[in-house]
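Everything below concerns the one structure shown next.
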Amino acid sequence: MSGVAPMPSRDLVLELRAITKTYGSDAHPVPVLRGVDLAVAAGEFVAIVGASGSGKSTLLNILGCLDRPTSGAYLLVSEDVSQLDDKRLSHVRKTRIGFVFQSFQLVPHLTVEENVELPLFYARVPRKVRRERSHAMLARVGLSHRHRHMPNQLSGGECQRTAVARALISEPALLLADEPTGNLDSKTSKEIIGLFQELHRAHCTIVMITHDQGVAAVAERRITMRDGRVDTGADGAPPTNLEAACSTN
Amino acid sequence: MFHELIVEALRNLLRHKLRSLLTALGIVFGIASVVAMVSTGEGARRAILDQIRELGTNNIIINAKKPPAEQNVKKTEENSTFEYGLTFRDLEQIRRTLPYILDAVPVHDVKEWLWFGSRRVEAKIHGVTPAYFQRLNLHAVRGRVIDAQDEVERSRVCVVRSRVLHEARYLGDPLKLDLKLGSQYYRVIGVLPDFQLDNPDRSILGLDDRSLEIYVPFETVVDRLGFTKGTYDSGSYEESRTELHQIVCTVENESEVPAAARGIQAILATFHERKDYEVTVPIELLQSRERTQATFDLVLPVIAGISLLVGGIGILNIMLASVTERTREIGIRRALGASQGDVTLQFLIETVMLTLVGGALGVLLGVIGAMLIERATDWKPVITPWAVVLSLSISCLTGIVFGLYPARRAAMMDPVQALRHE
């Protein structure tokens with residue numbers, strides 16, 4: 001439910017403090033994020049909504065350690081990852097973060113199970129263990145019969161289920177979803193949202209970008225981005241205790 | 001991990017079979033031509049070295065040489081016999097004066113008709129002493145070689161090259177065969193193997209392998225056929241006399257060969273007013289041959305280098321295109337935790353696999369090429385293991401050199417941009 005404050009007893013999975021991101025040259029800076037403060041507790045399901053250009057994709061890239069903030073601190077499981085080098089950042093991505101993208105982003109020439117195993121491959125997990133875990137994960141998203149299929153033999157919903165299985169296989173602390181229903185019809189969207197709700201019940205921490213209000217409504221908490229800032233008052237919900245705590249920091 | 005990257009790389013290459021093949025073609029042909037050249041060259045080299053060794057590296061061979069025709073007028077009125085070549089006196093002088101010479105063995109050659117029923121072919125009869133076989137390291141494959149007893153008895157026996165039996169179309173026991181040489185019969189007592197190779201190289205070395213060679217005891221030849229030979233040349237009868245056609249001198253150590261050769265030249269120059277002899281030093285042939293080889297060895301890497309450079313640039317080009325084409329895949333892998341190192345390794349292994357498979361195909365093609373060359377020239381190609389190992393390592397190295405840049409480019413991509421790439 002939106003606006004529900006995370007219980008203070010819950011551990012924080014991530015915490016952003018005055019994150020800024022500026023593109024362009026020094027002469028013509030293009031600020032995209034202008035100081036974002038955000039805290040997400042373990043097991044929370046957060047939806048980030050906002051108009052295009054509001055900076056939500058940039059925020060997600062920073063949350064996913066694909067990009068580094070220009071300034072500010074990003075604590076992921078109480079480790080500051082805002083200024084890590086590529087190698088460390090890659091390590092954080094493969095151990096702590098799972099991605100689900102709008103356009104699925106499956107490697108087209110790898111089978112479903114191989115796609116799902118990719119994060120474990122980079123974590124140097126032995127092949128046998130990988131296979132076991134990918135099969136377990138595919139069973140969890142209801143794709144046990146599709147192990148050896150190629151992505152182009154799957155429906156959109158199946159592709160996204162594969163992507164979810166892949167995102168979860170390394171048991172990440174944080175599941176990031178970038179408009180996961182954007183390329184799906186309404187029926188399949190419902191299925192995928194159902195899957196996310198299921199994961200939420202299983203205590204996954206989920207941060208999802210969407211501009212579909214219906215999708216955002218299923219999230220526990222909704223955050224609106226506007227002009228590179230978190231717009232706390234937009235949906236009428238008061239800032240949560242934690243956000244208040246962070247912003248006064 | 002590593003072997004999975006290799007499997008993955010090979011799978012990627014197999015996804016675009018034609019493209020991979022065309023890309024690797026430069027390497028394939030580069031390596032193939034080098035392997036073909038090296039193995040053929042090596043084959044030819046070994047063949048020639050074997051022949052030179054067959055002559056003995058401790059030996060100095062003096063051959064009688066018929067002087068040019070204008071010098072032939074020097075014959076006396078009463079005796080129209082034209083004398084040339086080596087003499088017993090030469091043999092004695094060499095034996096006595098030169099300290100290095102272990103032994104000097106005389107040879108007297110006669111050309112005679114060899115009869116097979118009513119068919120005849122010209123055979124080269126070598127009158128040789130038992131020492132000849134020892135000095136030239138000749139061993140009978142059947143029967144025995146000529147011994148001292150044959151010399152003393154001046155027996156009508158002969159040792160033949162197995163080619164003679166082939167020419168005679170004789171399938172029975174060679175040791176029961178009587179060969180008709182001219183008007184007399186000679187019992188075959190031994191068979192020597194043929195020269196290892198039957199190719200143009202022998203004539204380069206001044207060895208005539210085309211004729212049928214038959215060895216008869218020296219004394220027998222001299223006794224029965226004499227030193228004088230009559231020939232009809234351009235309608236006029238000409239008689240020539242040669243005592244010895246060849247002297248094989250042997251020294252104890254290879255290092256004494258040059259000094260001994262100089263000594264022999266000096267002695268012969270003293271006793272011969274015309275140059276009717278020729279001194280062949282197998283070890284010098286060997287050395288000059290090795291110098292030629294050194295030039296060849298220098299040119300080859302240059303040719304190989306150029307073809308690999310051209311092949312490598314082709315690979316660089318295609319790998320750059322491939323990296324661009326797979327930008328999204330790179331983005332996905334990066335998002336899932338691949339470090340820059342992982343991406344570099346993936347593309348580098350792919351390039352190396354491409355060049356390695358290309359190199360392997362090249363080796364294969366080169367071997368086939370060398371075999372085709374063998375059919376055309378009789379040079380037996382020698383595929384040395386080091387040539388194969390070297391070819392493959394060079395292919396590998398080419399892959400690393402030309403794959404590094406595309407791989408780094410893939411690794412340096414911004415993951416966010418790469419994921420958005422269409």
Side-chain angles (χ1 to χ4, degrees), chain A residues 21 23 32 57-62 64-68 84-111 114-128 130-131 150-151 163 166-170 172 176 178, chain B residues 1-20 318-319 321-350 353-354 407-422:
Chain A
K21 182 71 186 178
Y23 288 107
V32 179
S57 289
T58 305
L59 180 62
L60 193 84
N61 288 337
I62 289 171
C65 293
L66 285 170
D67 209 348
R68 274 183 287 248
L84 294 183
D85 63 9
D86 177 79
K87 202 174 168 175
R88 293 255 184 94
L89 225 45
S90 301
H91 183 76
V92 170
R93 283 201 297 273
K94 73 185 158 202
T95 53
R96 301 216 190 282
I97 292 165
F99 275 106
V100 178
F101 299 95
Q102 177 178 4
S103 48
F104 322 134
Q105 304 284 27
L106 301 178
V107 179
H109 54 266
L110 296 182
T111 63
E114 284 167 338
N115 262 291
V116 172
E117 286 166 20
L118 270 179
L120 297 184
F121 176 75
Y122 289 115
R124 312 284 193 269
V125 173
R127 188 186 161 88
K128 216 175 142 231
R130 291 205 310 259
R131 196 103 315 167
M150 301 308 279
R166 183 177 66 182
L168 293 175
I169 194 156
S170 51
L176 293 173
D178 186 0
Chain B
M1 173 78 187
F2 204 70
H3 79 269
E4 285 185 70
L5 277 172
I6 289 172
V7 171
E8 165 90 16
L10 290 175
R11 259 174 61 187
N12 268 328
L13 296 177
L14 285 176
R15 273 195 300 131
H16 307 282
K17 288 185 194 68
L18 184 64
R19 185 164 78 178
S20 303
I318 295 296
M319 286 314 288
S322 172
V323 165
T324 309
E325 184 189 285
R326 286 158 67 185
T327 301
R328 264 259 290 235
E329 180 193 332
I330 295 163
I332 296 169
R333 288 177 183 275
R334 295 279 281 136
L336 299 180
S339 65
Q340 290 180 339
D342 289 327
V343 174
T344 307
L345 196 65
Q346 185 195 342
F347 279 90
L348 203 56
I349 286 179
E350 206 169 307
M353 282 299 119
L354 188 65
R408 283 312 285 171
R409 216 158 114 144
M412 290 308 186
M413 279 179 184
D414 173 18
V416 176
Q417 299 291 332
L419 278 168
R420 258 188 235 138
H421 188 88
E422 283 310 310

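Fair warning: this is a prediction, and the values are worked out from it, not measured in the lab. Chain A is the first sequence line, chain B the second, and so forth, proteins listed ahead of strands; every chain is numbered from 1.
- In this structure, chain B has no heavy atom under 4.5 Å from any part of A:R88.
- Looking only at side-chain heavy atoms (C-beta outward), B:Q340 and A:D85 stay at 4.5 Å or farther from each other.
- For the pair B:S339 and A:S90, the tightest heavy-atom approach, listed with the atom from each and the gap, is CA-OG, 3.3 Å.
- Residues from residues 6-14 of chain B that place a non-hydrogen atom less than 4.5 Å from a non-hydrogen atom of chain A comprise B:E8, B:R11, B:N12, given in numerical order.
- Side chain of A:N61 to main chain of B:V416: no donor-acceptor pair is present (N/O by atom type, distance under 3.5 Å, no hydrogens or angles).
- Contact annotation for B:Q346: only side-chain heavy atoms (C-beta onward) come within less than 4.5 Å of a heavy atom of chain A.
- Within 6.0 Å of atom CZ in B:R409, 12 or fewer heavy atoms from other residues, nucleotides or ligands are found, so the atom counts as exposed in its surroundings.
- Atoms CD and CD, on B:E4 and A:E114 in that order, are 9.0 Å from each other to the nearest 0.5 Å.
- For A:H91, the NE2 atom sits in a loose shell: 12 or fewer heavy atoms of surrounding residues, nucleotides or ligands are nearer than 6.0 Å.
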key: Check against side chain to side chain contact (heavy atoms under 4.5 Å, CB included), A:F121 and B:L5   = CA-CA 10 Å; A:F121 176 75; B:L5 277 172; 4.0 Å; yes

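- Interface with chain B: from residues 95-103 of chain A, residues A:F99, A:F101, A:S103 qualify, criterion being any non-hydrogen pair under 4.5 Å.
- Between A:K94 and B:L336, the closest heavy-atom pair is CB-O, 3.5 Å.
- With rounding to the nearest 0.5 angstrom, the CG atom of A:L110 is 6.5 Å from the CD atom of B:E329.
- The two residues B:R328 and A:Q105 have their closest heavy-atom pair at NE-OE1, 3.0 Å.
- Between chain B and the options A:N115, A:V92, A:L66, A:D67, heavy-atom pairs under 4.5 Å are most frequent for A:L66.
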